[in-house]
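Have a look at the structure below, then the notes.
Keep in mind it's a predicted model, so treat the numbers as computed, not measured. These values consider heavy atoms only, across backbone and side chains, with no hydrogens, waters or symmetry-generated copies.
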There are 2 protein chains.
Amino acid sequence: MPQTPTAKGRATRARIIEGAAEVLRERGVAFTTLDDIRGRTGTSKSQLFHYFPDGKDELLLAVAQFEADRVLEDQQPHLGRLDSWESWQQWRDAVVERYERQGDECALGALFLQVGRARPGARAIVAELMRQWQGQLAAGIRALQANGLVPSSALDVDRTAASLLAGVQGGVAIMMSTGDATHLKAALDTGIEHLRAMAGAPGTATTERNCP
Amino acid sequence: MPQTPTAKGRATRARIIEGAAEVLRERGVAFTTLDDIRGRTGTSKSQLFHYFPDGKDELLLAVAQFEADRVLEDQQPHLGRLDSWESWQQWRDAVVERYERQGDECALGALFLQVGRARPGARAIVAELMRQWQGQLAAGIRALQANGLVPSSALDVDRTAASLLAGVQGGVAIMMSTGDATHLKAALDTGIEHLRAMAGAPGTATTERNCP
DNA sequence: TCCATTCTGGACTTGCTGGTCCATTTTCTG
DNA sequence: CAGAAAATGGACCAGCAAGTCCAGAATGGA
């Protein structure tokens, strides 16, 4: 652990994290060894321990943080601009697309299970991700309210955001297990529809797809 | 692999599965060895391989099936009788209680990740569990419809059930990560409330807790 | 240029863990 | 009772993967 890492050092460290993330997504945590990561990133054993003195756990934690950052990034710019029904629909499509592309490997979930719930670091990463995610959803609902698209009363914003987030998480989890995105789509559509039903026009609360 | 297992043999096999399930829930799959299971169940190495010739994977798969069966059992009899608002509320409470008691170990999720998505057996167990679970929820919604509590039109039963199931899964997943059941409760309450909003009485669709 | 620090290579060690093997005991069947 | 099949105990093996170590190369500042 150098006191002042050089540019080269930082680049190598980043390369290790990104390469490790790749391998972990492909093979899964349980089947990935340090040698796999070493091979993929073109590094040596000593480099791995040079940049992550606490060994595999520290590396996995760094990868987890890396992946957590990507989760919200991949939903931008839609997630940050949920102020119209169109933007909600765009966000919905972005989420579905992102997770369908990711396929069946839950990078974060797997990492979390491997590092262990005992370790406080893992919990903190996931908890913070959920906090931010839910915060952005809540902000989106408030933006709808501000634009008069949803009445301000008769709706617990934080609870609704929490519910929607849970639906997305569960939809993704089910997709990981079954390979089917039906539940994810159902959760998103039902959640958005629930918001629309709050709006003045009662006709929008049907089961039809919402088209702009 | 005996051709005709003895009563004693079956008992031992069951003891191994149950004991293994305990250990796995406590320590997590990644940190559980066959020796741990051997110790807990009071068996010898040869017994483990006698009853599970394909080794650890086969044992883990058996435990996964065992856990999957428990998931639905623990929600009965409520899950099978979702024909009134009271019964939905009772089911909701049972789910919250069950998962709050289970704490932070997602037995099935962990097992699934460890055995590997490549293996078809793991996928099948989870997929079948989800299918049955969603089926019972859908049956519950139809029961509401049959009792005239929810209008038959203007509601895609299967999609609503899928959405609710996703919410529960996500709520549980978030609780595993953060230790907080807020999202699980939010998903359940919002989902049930969504159904109530479909009913004729618009006043029921508020954010108040539903009391019988 | 010189020296300290950082970075890299790769051989080596070590502990653990899944899995094997065989001898022995128990249980079922006829 | 007798033999076969099933159940059990536990020593043993082999491979693997995390982690250690040290020598040497690159780098940066004075």
Salt bridge present between B/Glu97 and B/Arg92 (N-O < 4.0 angstrom):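 Salt bridge between B/Glu97 and B/Arg92, a charged N being under 4.0 Å from a carboxylate O: no.
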
Could you give all pairs that pass the salt bridge (charged side-chain N to carboxylate O under 4.0 Å, His left out) test and reach residues 73-85 of chain B, with sequence neighbours left out?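 As it turns out, the salt bridge (charged side-chain N to carboxylate O under 4.0 Å, His left out) pairs with a partner in residues 73-85 of chain B, which skip direct neighbours, are B/Asp74-B/Arg98.
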
Between [atom2] of [N] and [atom1] of [X], the distance in whole Å:
{"X": "B/Ile16", "N": "D/dA7", "atom1": "CD1", "atom2": "P", "value": "11 Å"}
{"X": "A/Leu60", "N": "D/dA17", "atom1": "CG", "atom2": "C1'", "value": "13 Å"}
{"X": "B/Phe52", "N": "D/dA7", "atom1": "CZ", "atom2": "C1'", "value": "14 Å"}
{"X": "A/Arg38", "N": "C/dG9", "atom1": "CZ", "atom2": "P", "value": "10 Å"}
{"X": "A/His50", "N": "D/dA25", "atom1": "NE2", "atom2": "P", "value": "17 Å"}
{"X": "B/Leu59", "N": "C/dG19", "atom1": "CG", "atom2": "C1'", "value": "14 Å"}

Sequence-distant partners of [X], salt bridge (Lys or Arg N to Asp or Glu O under 4.0 Å), two or more places apart:
{"X": "B/Arg13", "answer": "none"}
{"X": "B/Arg131", "answer": "B/Glu128"}
{"X": "B/Asp36", "answer": "B/Arg27"}
{"X": "B/Asp158", "answer": "B/Arg142"}

Between the protein and nucleotides 10-17 of chain C, which nitrogen or oxygen pairs are less than 3.5 angstrom apart?
from: C/dG10; atom 1: O6; to: A/Ser46; atom 2: N; distance (Å): 3.3

So which of residues 7-14 of chain B are in contact with DNA chain D, with a heavy-atom cut-off of under 4.0 Å?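 Per residue number, the list reads B/Lys8, B/Gly9, B/Thr12.
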
Quick check on the 6.0 Å ring-centre criterion: do A/Trp85 and A/Trp88 meet it?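 A/Trp85 vs A/Trp88: aromatic centres not under 6.0 Å.
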
Can you list every side-chain hydrogen bond (donor to acceptor under 3.5 Å, both in side chains) pair that touches residues 164-179 of chain B, not counting sequence neighbours?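 Sorted pair list comes back empty.
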
Looking at residues at least two apart in the chain, or sitting in another chain, which of them share a ring-ring contact (aromatic ring centres under 6.0 Å, His included) with B/His194?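 If we apply the ring-ring contact (aromatic ring centres under 6.0 Å, His included) test to B/His194, skipping adjacent residues, the hits are A/His194.
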
Let me spell it out: for each of B/Gly42 and B/Thr4, pick the nucleotide of DNA chain D with the closest heavy atom. Which residue's pick is nearer the 5' end?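 Comparing both residues, the 5'-ward one is B/Thr4.
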
If only side-chain N and O atoms of B/Tyr51 are considered, is one of them under 4.0 Å from the OP1 or OP2 phosphate oxygen of D/dT8?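 Yes.
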
The side chain of A/Phe49 lies closest to which of these nucleotides: D/dA6, C/dT20, D/dT20?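 The closest nucleotide is D/dT20.
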
